[in-house]
There are 2 protein chains.
Amino acid sequence: MASPLEKARKDPESVKAKILLVARRVFGVYGFHGTTIRMVAQELGMDISTLHYHWGDKRDLYEAVVLDINHDLGQNLINVEKMIHGLPLPDRLAISIDYMTDYLFAHPEISNLIIFRYFGKTREEAGIDFKVPEFTYDIARSMGLVKNKKNVSSHVMLMVLALMNSMHCFISGEDFFRPIVALSREEYIAETKKALKFIHIPAFTQGSDQKDK
Amino acid sequence: MASPLEKARKDPESVKAKILLVARRVFGVYGFHGTTIRMVAQELGMDISTLHYHWGDKRDLYEAVVLDINHDLGQNLINVEKMIHGLPLPDRLAISIDYMTDYLFAHPEISNLIIFRYFGKTREEAGIDFKVPEFTYDIARSMGLVKNKKNVSSHVMLMVLALMNSMHCFISGEDFFRPIVALSREEYIAETKKALKFIHIPAFTQGSDQKDK
DNA sequence: TTACAGTTCAATCATTTGATGGAGATCAAT
DNA sequence: ATTGATCTCCATCAAATGATTGAACTGTAA
């Protein structure tokens, strides 16, 4: 049985795909409770009943958005893992930060929604979750920071979480932070990358391997 | 004319003070749209009309919460600034991180609400804002990272923002992150402090020593 | 053409939610 | 006890919001 999400992914020109795209953005800006299906429908130029016809209720649409973002994020983490395979740790970090920062700045609703999910609650708890634990572990592993396959140290996990959070914050908070530093968008992206590398690469290298300190 | 907020602060035993306390927590957990005044009233064991009697409408209550949190945060930044005056940079950072982490873990709704404010929008834009730009500048100054009084470099501002964000994320995201690292609350707080210092102190010190541009 | 599945939308319903009115309770001062 | 101010809550309203219905439109195959 093909879910609306699967149909949307199969045909990017379909109405379902357009709905998914707009829903990602609107949910990303206003969160679950802050978004009304009328807002989504209006942005799409269609009636709310048409939305229901394609996707079911609001919760279904939101969970499809979460699944879709999980999928996209996972794909890109796989991509970056291939790019950095075999390189020394500082290079792995620098390339990962550059790649993921560019990707997330191009799709800020991903960072928005992940942060909403981290730090907010919805009144009716959802059954679907972001794969942060899995992703965090995968990143730690692909960075070569995992010694025993089973026991990843809390310290390493927190380091990885700090890096991911920092990225999401700068991307999701662009509208808030960029006026503070008075930079153009391009400058802000460049400075964000620079700051992330400046802060986190020394932390990781001094923490795991002492080959280059 | 005394606003409800001023009355609440004058008498911590008053009904208005109790309302403010509960409202901080509920708004912090569910955000503005996710919170209903019925939720707040029920948690207080009072009728919604009593809430209106004391505070006016929902927006008023929310803005009072924001003002209150701004006030508390500002006070604590002043406190910490006194504590670190005259010490060398690494000590200033370590003490600030310890103090503010403890404070925010004791009042997580502050981090929650600040993060809500950074990364989400409300449908009707509010007239009241967090004082992040001012606070960021003050922190940079009290850390001795500001060269010219007028032009604070974007790089330094981003470093300070990164540190503040990292703190808020770990505190606000405790329910999400702590199961990932499988730590008790006390361990989680200790590890958070350790990670924050481990990551950010080298970044700041290497920044002010060799290259600040 | 007809038949039919797929799609869209105006109209409508039911619930939630923010807000209000007015009656009653409580209490201090006179 | 009376009065008036303060406070509380039940009942209710109006708007917002999620969801549904049924009619109409579209295109395609027989």
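Lettering follows sequence order; numbering is per chain, from 1. As the structure is a computational prediction, the values presented were derived from the model and not from experiment.
For A:H33 and C:dG18, the NE2 to C1' distance is 16 Å, given to the nearest whole Å. One can place CZ of A:R123 at 12 Å from P of D:dT17, the figure rounded to the nearest angstrom. Distance CD1 (B:I37) to C1' (D:dA14): 14 Å, rounded to an integer number of Å. We find that CG of A:D47 is positioned 14 Å from P of D:dG18, with the value rounded to whole Å. Rounded to an integer number of Å, the gap from A:K58 NZ to D:dA16 P is 15 Å. As a whole-Å value, the separation of A:Y53 OH from C:dA5 P is 11 Å. Taking atom NE2 of A:H52 as the reference point, atom P of C:dT7 lies 17 Å away to the nearest angstrom. When rounded to the nearest whole Å, the span between CD of A:E124 and P of C:dT17 equals 8 Å.
Considering only side-chain atoms of A:T36, the nucleotide from D:dT17, C:dT20, D:dT21 that sits closest is D:dT17. Taking the side chain of A:H54 as heavy atoms from C-beta on, and the options C:dC9, C:dT7, D:dG18, the nearest nucleotide is C:dT7.
A:T50 has a side-chain polar atom (N or O) that falls below the 4.0 Å cut-off from OP1 or OP2 of C:dC9.
Two rings, from B:F198 and A:H155, have their centers less than 6.0 Å apart.
For B:R38 and B:D47, the salt-bridge test fails: no basic side-chain N is under 4.0 Å from an acidic carboxylate O.
No more than 12 heavy atoms of other residues, nucleotides or ligands lie within 6.0 Å of CD in A:Q42, so this atom counts as exposed by the packing criterion.
The base of C:dA10 sits with one of its N or O atoms less than 3.5 Å from a complementary donor or acceptor on the side chain of A:S49.
Using a 30° and 60° split on the angle between ring planes, A:F27 and A:F32 fall in the parallel class, below 30°.
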